[in-house]
Amino acid sequence: MKMSQLFSPTLRETPADAEIISHQYMLRAGFIRKVAAGIYTYLPLGYRVIRKIEQIVREEMNKKGAQELLMPALQPAELWHESGRWDIYGKELMRLRDRHERDFCLGPTHEEVITDLVKREVNSYRQLPLLLYQIQTKYRDEIRPRFGLMRGREFIMKDLYSFDRDKEGLDESYKKMYDAYCRIFERCGLEYRSVEADSGAIGGSSSHEFMVIADSGESVIAYCENCDYAANVEKATFAMKVENSKSVLQDLIKVETPGVRTVAELEQFFNLAAKQILKTLIYETEKGFVAVVLRGDRNVNEVKLQNVLDSKYVNLVNEDRVKELIGCEVGSIGPVNLQEEIILVADREVPYVLNAICGANETNRHYQNVNYGRDFEANIIEDIALVEAGDPCPKCQGPLHITRGIEVGHIFKLGTKYSAALEATFLDEDGQARYYEMGCYGIGIGRTAAAAIEQNHDEHGIIWPVSIAPYHVVIIQVHDKEEKQKEICEELYNQLTDNGIEVVYDDRKERVGVKFKDADLIGFPLRIVVGPKTINDGTVEVKIRKTGEQLVLPLTDVNSWVNNYITSFLGK
RNA sequence: CGGGAUGUGGCUCAGUUUGGUAGAGCGCUUCGUUCGGGACGAAGAGGUCGCAGGUUCAAAUCCUGUCAUCCCGACCA
């Protein structure tokens, strides 16, 4: 490809509406252009990256015996009614009507379509296991699309669905996909981590997310350095440190606490640590109002809370409504003598806090020496606390660390949730109809590209891993009018291209500085410079974008050197 | 949906407070000089100031409405 012909409009300045590096560089380097919020055109360079990632995904899926198909983006409402998700999915589902006023949606995911297909076309255990996948454009009317390809309303995703006869089969399929995902992200040159995850709205039992470690990530993960434990903080738990306190239970007393509201103020007022204080928050949920009690040094993990309550939502009640409901300021709520109709959920640490401080449900009054079991009891005791850095690992007690990550892949064991909803069955050896044990496995293709940039860039631009770079090499002709340089460039271009190397020849009538800047910005892994030295002593400069290393090679060696370098990164 | 902000040439932005002939830099076109890290000079092209109303002799500027975009939060296979 000649740079003079390549449609990759680069920008000198950073567009104002791009916040994070990957978005900025994709725009500046001419990879994408925005059409509407969260909707983008992939320009030639951007699309090449997308296709590279897709190809890696394809190869690894196929290796595991999966078969590619393509389902429609446009889906009839009936299927979604059958699974019950037409009503549940909410505003995120892009809905539309055809000319006959029939309801449709643009698929955010394809469990319904695939399950319906398999239900119709597969009927025997002999045809299982079945692994089917597609690489498709998905639609989600995100509340807030942002960060370019990171969170779009239209985006490309690989989704695979596994159908097995039993739990053991599902475990095997899940393991296959887990392994394939590891290979994929390794091949993409990403530093990633697989973490235990909450299965969210899609449902199901076991679930892992594949996170690319990056500060700009929207997910937060906890991991242990001593062992392999790692989990999304939504899911992460920690070992409870039970202190064998010899404290004697003291008498409950009510104390005037004028103006004392926050845990920090209580610590001061009573000269006690936050973990000696119990704080109480009021949530509105599907099950009614819920009071959540936990240690003063803890925060609520709303995902855990939602799961414990089996509620579709949990919303913190605002201060004014709390006053109406409890009759006191939010700073003085407590679990003792709370109204019967409020469900009391205590974090599992709460029973171990002896002689605690808590609100007295009267403004400016608190109880001292509160003890679980004697002074109050909860309807539910569960782990509902958010993990903090330094908490002990649930597996090995080592300290947990917290970091941010970009969720590029997510795998779920769905079990029979969808097969049961859609009555999708097969016959086993005994002629018994059984529901499929299903799994679903997604990879955000565009998001993976964005994550790669977040992890591989410098102040000059992108540093593509070879495996997903739009082109491997750029050849820069220093003097655009020099015929001899041009001849050498063209010869080199042909040699490399014949070897299967993907090359761009920058033949533009630009000063060399401009070419260097664009080469760095676009992020070609290798840059070959053909200039006066090439004419005089038959050498060219080869610069490795990643390391900045620059070598001078005889013209005759360039082809094989480049070939070796590139292929060393493409091992499959 | 709540809170905040912004819409002026392809890009970055000034001008709006105090209404009076629409600006700069970059990019683009042509010519010349340059030529190994985003050159310089000269001459050009390009804008219904997001859109619709209103106030006014006069609106980018004031008022009302509306749309879009971005940030924070809630949300999220």
Please report the distance separating the [atom1] of [N] from the corresponding atom of [M], rounded so that it comes out in whole Å.
{"N": "B/A60", "M": "B/U16", "atom1": "C1'", "value": "7 Å"}
{"N": "B/A14", "M": "B/C62", "atom1": "P", "value": "15 Å"}
{"N": "B/G9", "M": "B/A45", "atom1": "C1'", "value": "11 Å"}
{"N": "B/C31", "M": "B/G36", "atom1": "P", "value": "22 Å"}
{"N": "B/G7", "M": "B/C51", "atom1": "C1'", "value": "11 Å"}
{"N": "B/A74", "M": "B/G65", "atom1": "P", "value": "30 Å"}
{"N": "B/G23", "M": "B/U8", "atom1": "C1'", "value": "10 Å"}
{"N": "B/G41", "M": "B/A5", "atom1": "P", "value": "40 Å"}

Once base and sugar-phosphate atoms are separated, protein heavy atoms under 4.0 Å mark nucleotides 2-14 of chain B, 5' to 3', with B, S and - as ---------BSS-
When A/R153 and A/V530 are each assigned the nearest nucleotide of RNA chain B, the 5'-most assignment goes to A/V530
For RNA chain B, whose closest nucleotide is more 5', that of A/E541 or that of A/Q306?
A/E541
Once you measure the plane-to-plane angle for A/H208 and A/Y178, does it fall in the parallel (<30°), tilted (30-60°) or perpendicular (>60°) bin?
perpendicular
Should the ring pair A/F524 and A/Y471 be called parallel, tilted or perpendicular, given that the plane angle runs from 0 to 90° and is split at 30 and 60?
tilted
Taking N and O atoms by type only, does the side chain of [X] place a donor or acceptor under 3.5 Å from a partner on the base of [N]?
{"X": "A/R144", "N": "B/C71", "answer": "no"}
{"X": "A/E510", "N": "B/G38", "answer": "no"}
{"X": "A/R146", "N": "B/G73", "answer": "no"}
{"X": "A/R28", "N": "B/G38", "answer": "yes"}

When you look at A/Y139 and A/D141, which way does the side chain to side chain donor-acceptor pair (under 3.5 Å) test go after all the steps?
CA-CA 7 Å; A/Y139 296 85; A/D141 198 356; over 6 Å; no
For A/D103, is there an ion pair with A/R95 - N to carboxylate O distance below 4.0 angstrom?
no
Across all strands, who's sitting opposite [N] as a Watson-Crick or G-U wobble pair, both distances under 3.5 Å?
{"N": "B/C1", "value": "B/G73"}
{"N": "B/G19", "value": "none"}
{"N": "B/G7", "value": "B/C67"}
{"N": "B/G46", "value": "none"}
{"N": "B/A60", "value": "none"}
{"N": "B/C40", "value": "B/G32"}

Test A/Y192 against A/E186 for side chain to side chain donor-acceptor pair (under 3.5 Å), laying out the working first.
CA-CA 8 Å; A/Y192 71 98; A/E186 266 159 37; 3.3 Å; yes
Given [options], which nucleotide is nearest the side-chain atoms of [X]?
{"X": "A/H479", "options": "B/C35, B/G38, B/G37", "value": "B/C35"}
{"X": "A/A36", "options": "B/C75, B/C72, B/U69", "value": "B/U69"}
{"X": "A/V478", "options": "B/G36, B/C70, B/G37", "value": "B/G36"}
{"X": "A/V512", "options": "B/G38, B/G36, B/C76", "value": "B/G36"}

Interatomic distance, [X] [atom1] vs [N] [atom2] [rounded to whole Å]:
{"X": "A/E142", "N": "B/G73", "atom1": "CD", "atom2": "C1'", "answer": "15 Å"}
{"X": "A/R545", "N": "B/G37", "atom1": "CZ", "atom2": "C1'", "answer": "13 Å"}
{"X": "A/R12", "N": "B/C26", "atom1": "CZ", "atom2": "C1'", "answer": "7 Å"}
{"X": "A/K91", "N": "B/A74", "atom1": "NZ", "atom2": "P", "answer": "17 Å"}
{"X": "A/L27", "N": "B/G27", "atom1": "CG", "atom2": "C1'", "answer": "16 Å"}
{"X": "A/R151", "N": "B/C70", "atom1": "CZ", "atom2": "C1'", "answer": "16 Å"}
{"X": "A/N232", "N": "B/C76", "atom1": "CG", "atom2": "P", "answer": "13 Å"}
{"X": "A/R33", "N": "B/U69", "atom1": "CZ", "atom2": "P", "answer": "17 Å"}

For [X], which contact category applies under a 4.0 Å heavy-atom criterion: base, sugar-phosphate, or nothing?
{"X": "A/K34", "result": "sugar-phosphate"}
{"X": "A/D520", "result": "base"}
{"X": "A/D518", "result": "base"}
{"X": "A/P9", "result": "nothing"}
{"X": "A/Y161", "result": "nothing"}

Could you go step by step and tell me if A/Y283 and A/E302 meet the side chain to side chain contact (heavy atoms under 4.5 Å, CB included) rule?
CA-CA 10 Å; A/Y283 280 88; A/E302 294 187 354; 2.7 Å; yes
Are any of A/K509's side-chain N or O atoms less than 4.0 Å away from OP1 or OP2 of B/C35?
no
Is A/R511 close enough to B/A39 that one of its side-chain N or O atoms is under 4.0 Å from OP1 or OP2 there?
yes
Can you list the steps and then say if A/E454 with A/S22 is a side chain to side chain donor-acceptor pair (under 3.5 Å)?
CA-CA 5 Å; A/E454 290 297 323; A/S22 59; 2.7 Å; yes
Taking atom types as modelled and ignoring hydrogens, do the side chains of A/T403 and A/Y223 form a donor-acceptor contact shorter than 3.5 angstrom?
no
Go through the side-chain N and O atoms of A/D506 and A/Q477 and say whether any donor and acceptor fall under 3.5 Å apart.
no
cation_pi(A/R527, A/F516) dist<6.0 Å, angle<=45
yes
Decide yes or no on side chain to side chain contact (heavy atoms under 4.5 Å, CB included) for A/L149 and A/Y40, but give the supporting numbers first.
CA-CA 8 Å; A/L149 297 191; A/Y40 293 85; 4.0 Å; yes
